[in-house]
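Worth saying up front: this structure is predicted, and the values here are computed from it rather than measured.
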Amino acid sequence: MSDVRTLHDRSQRTGLRLISVLVAALLCQTAFARAETRITATNVAMRDGVELETFIYLPEGDGPFPTLVTRTIYGLPITPLGGELFDSSQTLADLSGAKEDGDDDLDPAEALARGWPLITENGYALVTQNTRGRMASGGVDRAWLDDRSDGYDLVEWVAAQPWSNGRIGVFGDSGLGMTAALAAAAQPPSLDAVFLQAAPADPFGIDMAPEGGGMKVETLLLQGASLAFDVSPSHVEARRIVPADEAELVEAIGGYFGELAQGIRDPLSSGVWMAAPIGQSDELARLMPFWSLFTDKEVLASYRAELNVRGDIIVPTSIVSLWQDSFVRSAVALHDDLVMRGVPTELLVVNGSHYEIDDPRIYPQPRMLSWFDQWLKDGPAPERAAVELAVQGTSGFLRGSAMSDLVAIPMVVALAPNMTLAATGEAPAAEVAFVSEPADPVPTLGGRNLLAAAGASDHTELMARDDVAVFSMAPVAAETLIAGPVVAQLTLLTDAPGFDVSARLMDIAPDGTASLILSHLARVTDAGKGENRVTVELGHIVHRLAAGHHIGLLLAGSDFPAWDRNPQTGGDLFTSSDMRPATLRIVTGGKAPSTLAIPLLSSN
């Protein structure tokens with residue numbers, strides 16, 4: 001998904017920018033284009049007759065060629081393997097004379113030369129397509145709901161072209177990875193393999209709006225605002241926006257996005273973030289009603305079903321993710337599903353957050369090309385482990401032939417009234433209480449975020465708040481790994497009809513410095529007067545604990561703005577402006593104790 005800095009720059013524009021089919025001609029004219037690559041722009045009709053703007057890059061030779069396909073929601077030109085290289089309002093002719101500016105930024109012309117030529121020079125044809133309702137493509141952008149059928153149609157169109165030998169792979173990262181996954185989930189007969197990087201496989205079932213959970217508001221508001229830029233004239237017309245209103249509308253949306261981007265630094269002091277109920281601006285809702293779609297329960301249910309590709313991909317799939325990416329949870333779930341169904345797959349999880357892999361200087365990784373060489377060219381299998389998991393906090397990896405080779409059997413510890421995490425056993429029931437106040441939510445500090453700061457962060461000061469509860473294990477005597485899924489099973493009592501539980505796992509140093517390892521949130525919308533059993537699945541992680549460090553579990557009633565605030569009134573979560581405090585009482589001991597399951601390995 002688009003880089004925040006790029007989007008903020010876009011927000012200053014006064015009009016929607018389109019890249020026409022003239023891009024192809026410009027590509028051929030620029031000094032950095034490869035002479036032997038033949039580039040064509042065309043429109044490809046989908047099954048309903050809507051034509052989508054498509055670019056074809058053919059390598060040297062007579063062909064036919066194996067072909068790689070990617071579909072983009074962000075416009076051209078971009079590297080076909082990752083983030084945007086430059087402002088899409090610029091033409092390639094403008095960039096042909098670009099010079100290094102003396103800093104560490106990559107020259108955009110050089111970056112482009114590292115994109116598609118590396119694909120064509122390895123003997124592949126490349127097809128890129130602007131998705132429905134974006135750039136110069138026809139139709140209306142319905143935010144991924146058409147990408148299964150459109151992806152299927154493009155793959156089968158490619159297979160019928162004389163320059164294609166019918167061996168086809170789809171690929172992409174982030175939003176482009178989502179369109180690739182949806183195309184694969186449609187099961188086009190001519191598709192042979194898939195490469196997904198930093199991409200969601202079940203965004204509204206696992207990552208951003210899990211059923212029975214909260215709404216990943218920092219991700220969804222960002223994405224909703226970003227989709228307003230580079231929509232096509234046909235989309236604008238379908239939304240009944242006249243050209244005279246377009247510039248003013250986009251300027252207002254740009255201002256709103258600027259408020260989001262600036263306010264995320266101190267969301268508790270930001271009017272746009274602390275609005276109750278939170279929502280997109282009227283102008284954005286008029287052009288791209290993204291947020292309002294997901295606050296409709298029936299529409300959200302349809303998104304959960306349509307965008308969940310787990311169970312639907314049937315061809316070999318290579319997956320790359322990052323431990324602090326917004327979408328790592330569903331990436332791991334997709335890998336597990338493919339393994340269970342016997343579909344060839346490999347998984348690499350590296351350290352870092354979403355945008356840290358989106359650098360054109362590292363594209364394309366040999367990993368992608370060697371994967372496609374195996375499945376599209378009948379080449380040898382890549383010489384690497386099927387599962388490679390970075391050890392967070394180090395430069396090392398765990399490697400094995402299966403996930404089960406690398407994860408530990410969970411150790412279950414109980415939350416105790418003395419604020420420790422100790423071995424489970426019979427203990428009298430007790431309670432640890434705190435008050436959750438949605439008007440003063442516990443702030444997000446790092447984690448698996450897209451717009452908010454991601455990754456490890458210092459929670460030392462936050463631990464001193466009186467609206468959190470922190471439980472700690474004894475320090476480890478030797479270096480230890482957390483390796484596998486972490487699950488908190490909690491029993492809570494409350495005086496409110498609804499509440500959230502945020503669980504944050506922390507690495508606490510001997511000096512008391514607490515760094516976030518990972519976090520997640522669970523939501524209860526129909527709390528009973530008695531005990532409420534709540535499961536918080538924090539997800540997989542491989543993390544190194546140094547000798548003398550100890551594990552901490554911080555529990556709170558909110559994690560904002562990573563997740564939307566629960567008003568705790570029992571009213572509608574997305575339309576109610578009323579909020580109330582709630583007392584949360586964590587039950588320790590007794591017949592239903594609160595526990596933490598954590599997989600620990602000695603470092604050797």
Give a yes or no on whether a salt bridge exists between [X] and [Y], defined as a side-chain N under 4.0 angstrom from a carboxylate O.
X	Y	value
R448	D325	no
D495	R580	yes
D337	R341	yes
R148	D312	yes
R565	D440	no
R533	E531	no
R523	D500	yes

**OP:** Before giving the answer on side chain to side chain donor-acceptor pair (under 3.5 Å), spell out for D507 and S515 the whole-Å C-alpha distance, their side-chain angles and the decisive distance to 0.1 Å.
**Re:** CA-CA 5 Å; D507 181 336; S515 299; over 6 Å; no
**OP:** For the pair Q324 and Q392, evaluate side chain to side chain donor-acceptor pair (under 3.5 Å) and give the outcome as yes or no after the intermediate values.
**Re:** CA-CA 10 Å; Q324 296 302 327; Q392 190 168 257; 2.9 Å; yes
Subject >> Residue list, ring pair (Phe, Tyr, Trp, His ring centres under 6.0 Å) with H520, at least two apart or on another chain >> reply: W563
Subject >> Side-chain donor or acceptor of T345 paired with backbone N/O of L338 under 3.5 Å >> reply: no
Original post:
At what distance, to the nearest 0.5 angstrom, does CE of M506 lie from CG of L516?
Top reply: 8.0 Å
**OP:** Just jot down the side-chain contact (heavy atoms from CB on, under 4.5 Å) partners of D511, sequence neighbours excluded, or say none.
**Re:** A509, T513
**OP:** Take atom CD of E437 as the centre, draw a 6.0 Å sphere, and report whether it contains more than 12 heavy atoms from other residues, nucleotides or ligands.
**Re:** yes
Original post:
Can you check salt bridge (Lys or Arg N to Asp or Glu O under 4.0 Å) on D559 and R504, steps first, answer last?
Top reply: CA-CA 9 Å; D559 182 356; R504 310 187 195 194; 3.3 Å; yes
**OP:** Report yes if some heavy atom in the side chain of F560 is under 4.5 Å from a heavy atom in the side chain of V442; otherwise report no.
**Re:** no
